[in-house]
Amino acid sequence: MRPKLVVGNWKMNGSRANNATLLAGIVEGLGNGKANAAVCVPAPYLQQCADVLAGTTLAWGAQDVSLHASGAYTGDVAASMLVDFACRYVIVGHSERRAYHGETDHMVAQKALAALDAGLTPIVCVGETLAEREAEQTNVVVGKQLSAVLELLDGDAVERIVVAYEPVWAIGTGKTATPAMAQEVHAQLRSRLRERSGLAAEKVAILYGGSMKPDNAVELMQQADIDGGLIGGAALKAADFLAIINAA
Ligand code: PEP
């Protein structure tokens, strides 16, 4: 059985003072348990995570990475730099980056590759807009987004990614896919992984993201192909984030 994984996406939220309180609350709540959990924070706060979280069970990571290794790319952050801050994870292809920064499926795939090459675990986000769902294009859209990544990765690298299914219409809106709706897409994503590699299909965690909260987390994570959550708003409150981790 795949272990459940819960990852908080802080987006562009936080301050040194607020982060200190939030991280301390999460760490205290986790105690000595064996939670499989992480927070993905704005890049300037990675050192704070490294200072506070080293030696705890909470891992940390970033929300984006450059597809380039180094050089004249003002404002970008290279995967090797994230490794310098002891990141384990990096989110790639979040719908906000696809929508506001023009990231294409191919760019997202290149970012996943850059992350893997540096030894990071990319959390590859896929998801359809409301218009795409209403046009019954969900499986086509998410299938294409995942395939772009699978095409670029060699051999067993596919086994080292995490996938997050995040319907765009459910992110930050309070609307959640029903467990059955989410499960259907997760199963579809897993069969696409299986076409590429049976082992990858067994190993790769597919997280659900989109208004996951303490009161819907259990039912979502009970679905056969939902291996955890990528949590936005609810990751900014220690009690809510801990309740979701406990649900896992
Ligand atoms: C996200 O942005 O990855 C997300 C899932 O946000 P929320 O939980 O707030 O919908």
Side-chain angles (χ1 to χ4, degrees), residues 4-14 18-19 22 26 36-43 45 49 58-65 87-101 103 105 108 111-112 115 120-130 132-133 138 141-142 145-146 149 161-179 181-183 185-186 189 205-221 223 225-248:
K4 297 273 195 258
L5 170 65
V6 175
V7 180
N9 171 16
W10 287 7
K11 311 195 186 200
M12 199 172 71
N13 292 295
N18 286 349
N19 304 345
L22 178 55
I26 299 169
N36 210 4
V39 286
C40 288
V41 307
Y45 299 130
C49 285
L58 189 64
W60 60 96
Q63 300 170 7
D64 182 37
V65 66
C87 289
R88 187 179 305 167
Y89 298 101
V90 61
I91 297 171
V92 297
H94 190 282
S95 61
E96 287 152 15
R97 299 223 44 103
R98 291 178 189 262
Y100 309 145
H101 299 270
E103 293 192 9
D105 293 347
V108 173
K111 290 182 175 207
L120 298 163
T121 299
I123 301 173
V124 179
C125 298
V126 300
E128 82 287 4
T129 62
L130 187 57
E132 288 161 346
R133 174 160 283 269
T138 298
V141 171
V142 300
Q145 290 170 333
L146 180 58
V149 174
I161 68 171
V162 168
V163 176
Y165 168 55
E166 298 206 305
V168 178
W169 48 270
I171 294 179
T173 59
K175 290 183 193 149
T176 321
T178 64
M181 276 160 83
Q183 166 57 28
V185 180
H186 281 234
L189 291 168
I206 308 179
L207 313 182
Y208 170 79
S211 300
M212 191 186 269
K213 306 269 184 258
D215 61 1
N216 59 26
V218 172
E219 220 190 327
L220 282 160
M221 288 195 265
Q223 305 301 309
D225 291 293
I226 300 186
D227 304 314
L230 182 55
I231 319 298
L236 298 174
K237 288 193 192 132
D240 287 356
F241 191 53
L242 286 164
I244 296 172
I245 294 169
N246 287 335

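Just follow the structure's listing: the first ligand is 1, and inside any ligand the first atom is 1. Counting begins at 1 with the first residue of the sequence. Values in this document were obtained by computation on a predicted structure and should not be read as measured data.
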Which ligand 1 atoms are under 4.0 Å away from a heavy-atom of [X]?
X	result
Asn9	1 (C), 2 (O), 3 (O)
Gly233	7 (P), 8 (O), 9 (O)
Gly210	5 (C), 10 (O)
Ser211	7 (P), 8 (O), 10 (O)

Can you tell which part of Ala170 has a heavy atom less than 4.0 Å from ligand 1: side chain, backbone, both or neither?
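The part of Ala170 near ligand 1 is the backbone, not the side chain.
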
Proximity to ligand 1 by part of Ile171, non-hydrogen separation under 4.0 Å
both

Glu166 versus Cys125, closest heavy-atom pair with distance:
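So the two residues come closest at OE1-SG, 4.0 Å.
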
If we only consider heavy atoms of Ala234, is any one of them less than 4.0 Å away from an atom in ligand 1?
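For ligand 1, residue contact (heavy atoms, under 4.0 Å) with Ala234 is absent.
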
Ligand 1 contact by Ala164, heavy-atom criterion under 4.0 angstrom
no

Which residue and heavy atom of the protein sit nearest [atom], plus the separation:
atom	answer
atom 5 (C) of ligand 1	Glu166 OE2, 3.0 Å
atom 1 (C) of ligand 1	His94 NE2, 3.3 Å
atom 8 (O) of ligand 1	Gly232 N, 2.8 Å

So, [X] side chain and [Y] main chain: donor-acceptor pair closer than 3.5 Å or not?
X	Y	answer
Arg98	Gly93	yes
Asp227	Lys4	no
Gln145	Gly127	yes
Tyr208	Ala177	yes
Asn216	Ser211	yes

With nothing but distance in play, are any N or O atoms of Gly172 less than 3.5 Å from an N or O of ligand 1?
yes

Looking only at N/O atoms, are Lys11 and ligand 1 under 3.5 Å apart anywhere?
yes

When you compare the side chains of Gln63 and Tyr89, does any donor N or O come within less than 3.5 Å of an acceptor on the partner?
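Result is no, nothing qualifies.
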
Would you call Glu103 and Arg97 a salt bridge, taking side-chain N to carboxylate O under 4.0 Å as the test?
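Here Glu103 pairs with Arg97 in a salt bridge, since their nearest N and O are under 4.0 Å apart.
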
Short N-O contact, Lys213 and Asp240, less than 4.0 angstrom:
no

